[in-house]
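Data block below; observations after.
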Amino acid sequence: MTGHIAIGVVGVLCAAAVVFGVGMASAKYHLADVGGWLTSTEKGELVHVNGLSGKVDGKVTLSGSTGHPMKVIQQGGVVLIVDEVTGVVSRVDPAHLNVVQGAGYRGAAGMQVVSAAGSAYALDQKKGSVQRLDPMTLATLGGPLSLTSPLGAAAIDATSVLWVPVPTNGQAAPVRSGFAARPVAIGSAGDDLALTIAAGSAVITDFTSAQSVILGKDGIQVKVRLPSSVAQAPKGSVLAPTSTDGQLVPLLAGGSLIVLNAGSGSISSVALKLPPRHRLAAPQALGQKVYIPDQSTGSLLVYDSATNRMEQQVPVTGRPGQLDAFVKDGLLWVNGPESAKAVVIDGSGAHKPIQKYTPDVPGSQNNPIPKAVDPGGDRGRPAPGGGSGGGHPKSTPTPTRTPKAPPTHKPDPPKVTPPGAPANLRATAQPDGTIKVDFEPGGGGETTGFKLLLPEGLTATPDQIQPTGPDYTFTVNGGVCGSEYQFAVAALYQNKDHASEVDSAYTPPALSCTEPDTPSNITGTATQQGLRASWQAPPNAGAKKITYDVQVTGAKTATSANYSGTSVTYAQISKNGSYTIQVTAVNPAGRRTGSATRTLAGPYSTYVIHNGGTEYDHSYIWSQAASGSGQVESILDANGQSVQVRCQKIGAQYNHPNGEAAFSGKLYDYLSHNGNVGYMIGYLPNTPHSPWQELAGPTIWEC
């Protein structure tokens, strides 16, 4: 596909840009600054909606696209449309409500076009090729890149880096300015990966291993373990948004809603009562609310994380059918592409219905775009045709601990109206190792209180919550970091002659600890024992069962895994240079990485000269690691005199005039004597190593 782009797009789109660009129409249109473009499959149209009023203020008709599903990519002033039947990629000129059409591609289902932060790319997901595009003209920039197919859905972060999930390799591949950078290991080969851009940062979720990896410009920043229910869900059933304006990333696994905070790395999970067997789309987060498109009813399910309650549904189309939802400019847009209806929701939860088929707006049949006056030649004529048609986690999770079945009574006909089962149970791990479990009373008959049903060995505070609350939250103690726990809440009531209860469903599995904070004060020191890396432990390191993975890269490399201390010395690193020290705090809940770059040079040591011959012989200091390279100093009767050795270097071969092999070699000591600095053949300074022809590291570092 990207090969076709290089051949077909350039000529067609550049010509179309000239024809349909500035000056094509005699009138310009001002669309709302806060707005969004929505598709209408039935009419083959693209409409622009004012996000504050919910009114259509512009319309574009896409020739030959009636009845075709379309995808809109909108970023700043760049609006691209992909016809998913013909594969035609078009660009909208918002100022003139014109369309610049591109070449057609066969096999459009395997093509993805992304645009953001001043960058654009076309990806052939089936073939694994990635082609950089000019976001305004769609002309190709450079040659295509080849990645291992098939590719996951890609996106661009706030720094203009394209992130491409590569499930076959279990990696995320970054592309910067059209050039591939080092891929980041996410999970195992073949894992099910999904990408979300959260507040400009890339988050890769590995559904197979149940972990999310928050990525930065240097690769992995935070790795967070998710509830095991994510891994247990059938492949392809866990839903995640492609982007969020804020840092909250909602994931829907069956009836479990898991919310990841991409800023702090914290997670919460809640068991929602959702309509059974309904066709749901990826959840969207706006403010503190999560919206779940219900495509079986054409409405939005609304969960308020601040109150832990399901709110009244928001109608969209009112009928079964596809719902496209995305967050843009602080607004949630939900469109029924096969319907005349859509809705826009603001941060407070207020919503405005949208009528996409509104007549008389600019670009409609009742208000057509003015035709340009042809000044001669081909100016103003239509453009020619639109085409033919995440490394395994290094800490193994502890097996899940699930609660015993809650105590129940033999079913008997209730003698009073029983209360409803508690709903919206949410379990959230806390930094101090406790678990917060909150819920919403289920209504119905009168209760005498609520108690938490929890696994053996755990304790809950308070023992019981009164019917009127007001805080319906339990705090659980006694959990083991790395184990998962599930909870239920019983609504207690007096059933005439005996006490009874109505039990809720279990919460999703929850950990009893949170992922570590980032190690701080990372430094490196050159010692005679080698490079010493040290760092400061994050808070609660003991309670959180933290170990460390250390990676040193530079002139030489070294790694340590599952290390328990806060410093480690590498004898194999004894060469002067620049080193990057990465320290990753790891526990069963996740991992965080800190790094520091240091320029290191080995310590100086003083040694005496020996093997210098008689009192009439000279020993030489050279300007380079080669005898005869330029004499810095000639030392008469050198034996017993002290020199300060700074480092060693392998240089030019030296052969002693006496012809003995013991005095021949390539090692030179870089040293100072009487204020003179240079290189001396290695057999002269009495350094503590043998044979002298070999480097003496780590006691003496290599230059």
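Because the structure is a prediction, the values reported are computed rather than measured. Numbering starts at 1 and runs along the sequence shown.
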Take Ile73 and Val82 through the side chain to side chain contact (heavy atoms under 4.5 Å, CB included) test and state the conclusion after the steps. CA-CA 8 Å; Ile73 302 101; Val82 180; 3.9 Å; yes

What distance separates Ser256 OG from Gln232 CD, expressed to the nearest 0.5 Å? 10.0 Å

Partner of Tyr357 by side-chain hydrogen bond (donor to acceptor under 3.5 Å, both in side chains), out of Lys43, Glu42, Lys341: Glu42

Asp191 side chain vs Leu193 backbone, donor-acceptor pair below 3.5 Å: no

Output yes when a side-chain donor or acceptor of Thr39 lies under 3.5 Å from a complementary backbone atom of Leu46, and no otherwise. no

When rounded to the nearest 0.5 angstrom, what distance separates CG in Leu260 from CG in Leu226? 7.0 Å

Are the side chains of Val270 and Tyr303 in touch, meaning some heavy atoms are under 4.5 Å apart? yes

Euclidean distance, Gln74 CD relative to Trp333 CH2, rounded to 0.5 Å: 8.0 Å

Please find the pair of heavy atoms, one from Pro509 and one from Ser269, that lie closest to each other, and give the distance. O-OG, 3.9 Å

Using only atom types and a distance under 3.5 Å, with no angle test, would you say the side chain of Arg319 pairs donor to acceptor with the backbone of Thr317? no

Determine yes or no for a side-chain-to-main-chain donor-acceptor pair under 3.5 angstrom, with Thr208 supplying the side chain and Asp192 the backbone. yes

If you measure only the distance, is there a donor-acceptor pair under 3.5 Å linking the side chains of Thr148 and Thr168? no

Using modelled atom types only, decide if a donor and an acceptor are shared between the side chain of Thr196 and the backbone of Ala198 within a distance under 3.5 Å. no

Do the side chain of Asp346 and the main chain of Ser348 share a donor and acceptor less than 3.5 angstrom apart? yes

Does any non-hydrogen side-chain atom of Leu123 lie less than 4.5 Å from one of Val114? yes

Heavy-atom donor-acceptor pair, Ser212 side chain to Thr205 backbone, under 3.5 Å: no

If we count only N and O atoms by modelled type, under 3.5 Å, do the side chains of Lys356 and Asn335 hold a donor and an acceptor together? yes

Measure the spacing between NZ of Lys352 and CG of Leu52 and express it to the nearest 0.5 Å. 7.0 Å

Is the shortest heavy-atom distance from the side chain of Ser305 to the side chain of Arg426 under 4.5 Å? yes

Stepwise side chain to side chain contact (heavy atoms under 4.5 Å, CB included) test for Leu274 and Leu280: CA-CA 10 Å; Leu274 301 175; Leu280 305 177; 4.0 Å; yes

Are any non-hydrogen side-chain atoms of Phe326 and Leu38 less than 4.5 angstrom apart? yes

Rounded at 0.5 Å granularity, tell me how far OG in Ser299 sits from CD in Gln312. 10.5 Å

Min side-chain heavy-atom separation Ile345-Leu300 under 4.5 Å: yes

For residues 242-250, which side-chain donor-acceptor pairs fall under 3.5 Å, sequence neighbours excluded?
unit_1	atom_1	unit_2	atom_2	d
Thr244	OG1	Gly246	O	2.8
Asp245	OD2	Gly330	N	2.9

Verify whether one side chain among Asn424 and Glu440 offers a donor that lies under 3.5 Å from an acceptor in the other. yes

Quick one: closest heavy-atom pair of Ala172 and Leu215, and the distance? CB-CD1, 4.2 Å

Of all heavy-atom pairs between Pro165 and Ala153, which one has the smallest distance, and what is that distance? CD-O, 3.4 Å

Here the pair of heavy atoms bringing Trp163 nearest to Asp157 is NE1-OD2, 3.0 Å

Side-chain contact, heavy-atom cut-off 4.5 Å: Trp37 with Val47? no

Would Ile267 and Val259 count as a side chain to side chain contact (heavy atoms under 4.5 Å, CB included) here? Give the steps. CA-CA 6 Å; Ile267 62 169; Val259 180; over 6 Å; no

Do any N or O atoms from the side chain of Asp304 and from the backbone of Asn308 form a donor-acceptor pair under 3.5 angstrom? no

Quick one: do Val314 and Val302 satisfy side chain to side chain contact (heavy atoms under 4.5 Å, CB included)? Show the steps, please. CA-CA 8 Å; Val314 175; Val302 185; 3.9 Å; yes

Heavy-atom donor-acceptor pair, Tyr121 side chain to Ile156 backbone, under 3.5 Å: no

Over all heavy atoms of both residues, which pair between Ala282 and Pro293 is shortest? Give the atoms and the distance, please. O-CD, 3.4 Å

Report yes if some heavy atom in the side chain of Ile258 is under 4.5 Å from a heavy atom in the side chain of Val230; otherwise report no. yes

Could you give the distance from OG (Ser296) to CG (Leu323), rounded to the nearest 0.5 Å? 9.5 Å

Do the non-hydrogen side-chain atoms of Val72 and Leu80 ever get within less than 4.5 Å of each other? no

Heavy-atom pair of closest approach, residues Val161 and Pro174: CG1-CB, 3.9 Å

